[in-house]
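These notes are about the structure you will find just below.
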Amino acid sequence: MDYKYIEQLLERYWNCETSLEEEQILKAFFSQRDVPVSLLKYKDLFCYEQAETASDTLGSDFDARVMAAVNEPEPVKARTISLAQRFMPLFKAAAVVAIFLTLGNAAQVAFKGDDRPATNVAAGQDTQEGPSVAMGDTAKVDTLQQAPATAVILK
């Protein structure tokens, strides 16, 4: 047999010039059992739709499986944070500031020298010797003592 028409259709098919009807003719031709050996290499190309649709059908439980997977509740990833946990970075910063201030004050006292008065514990006295607090203050004279003796009494 002469398969010139089929070969011409194949040539037009490769050039993308065939119509839908001509492609249906090629599919019908290659769906036959008796295909010439020279054209047998193209059979799978035109018969794949028939073979694939028969083997790739969805099961009857496909919809149920998809809906079960979609309707599953997702775990909540949010967590509650207490007020103490929210302020924890602030507490840590305040502790660091307090440590720096304490160390700074201790360093100032150490560099200035020891100005504390010595206690005489060996002699059994509980008093401290050192400069008097009253002497360290400026001498202020009581203003009431220097007020004039004559006061105006209002009636």
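Computation of the quantities below employed the complete heavy-atom set of this structure, encompassing side-chain atoms and omitting hydrogens, waters and symmetry-equivalent molecules.
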Are the side chain of Arg12 and the backbone N or O of Glu17 linked by a donor-acceptor pair below 3.5 Å? yes
Lys41 and Ser38: which non-hydrogen atoms are nearest, and at how many Å? CE-O, 3.9 Å
Can you tell me how far the CD atom of Glu21 sits from the CG atom of Leu9, to the nearest 0.5 Å? 11.5 Å
Count I, L, V, M, F, W, Y as connected when their side-chain heavy atoms are under 4.5 Å apart, and connections chain through other members. Are Val35 and Tyr5 then in the same cluster? yes
Is there a path of hydrophobic side-chain contacts, each under 4.5 Å between heavy atoms, that joins Ile81 and Phe87? no
Would you please indicate yes or no on a ring centroid separation below 6.0 angstrom for Phe46 and Tyr13? yes
Say whether Leu40 and Leu26 are linked into one hydrophobic cluster, either directly or through other cluster members, by side-chain heavy-atom distances under 4.5 angstrom. yes
Within one Ile-Leu-Val-Met-Phe-Trp-Tyr cluster: Ile99 and Met88, side-chain cutoff 4.5 Å: no
Taking the side chain as everything from C-beta on, heavy atoms only, tell me whether Phe30 gets closer than 4.5 Å to Leu10. yes
Is the shortest heavy-atom distance from the side chain of Asn105 to the side chain of Val109 under 4.5 Å? no
Linking I/L/V/M/F/W/Y whenever their side-chain heavy atoms sit closer than 4.5 Å, directly or via other members, would Val97 and Leu90 fall into one cluster? no
Which atom pair, heavy atoms only, marks the closest approach of Leu39 to Ile6? CD1-CG2, 3.9 Å
Going from NZ on Lys43 to CD on Gln32, what distance comes out if it is rounded to the nearest 0.5 angstrom? 8.5 Å
Result of checking Trp14, Phe29, Tyr3 against Tyr42 for ring pair (Phe, Tyr, Trp, His ring centres under 6.0 Å): Trp14
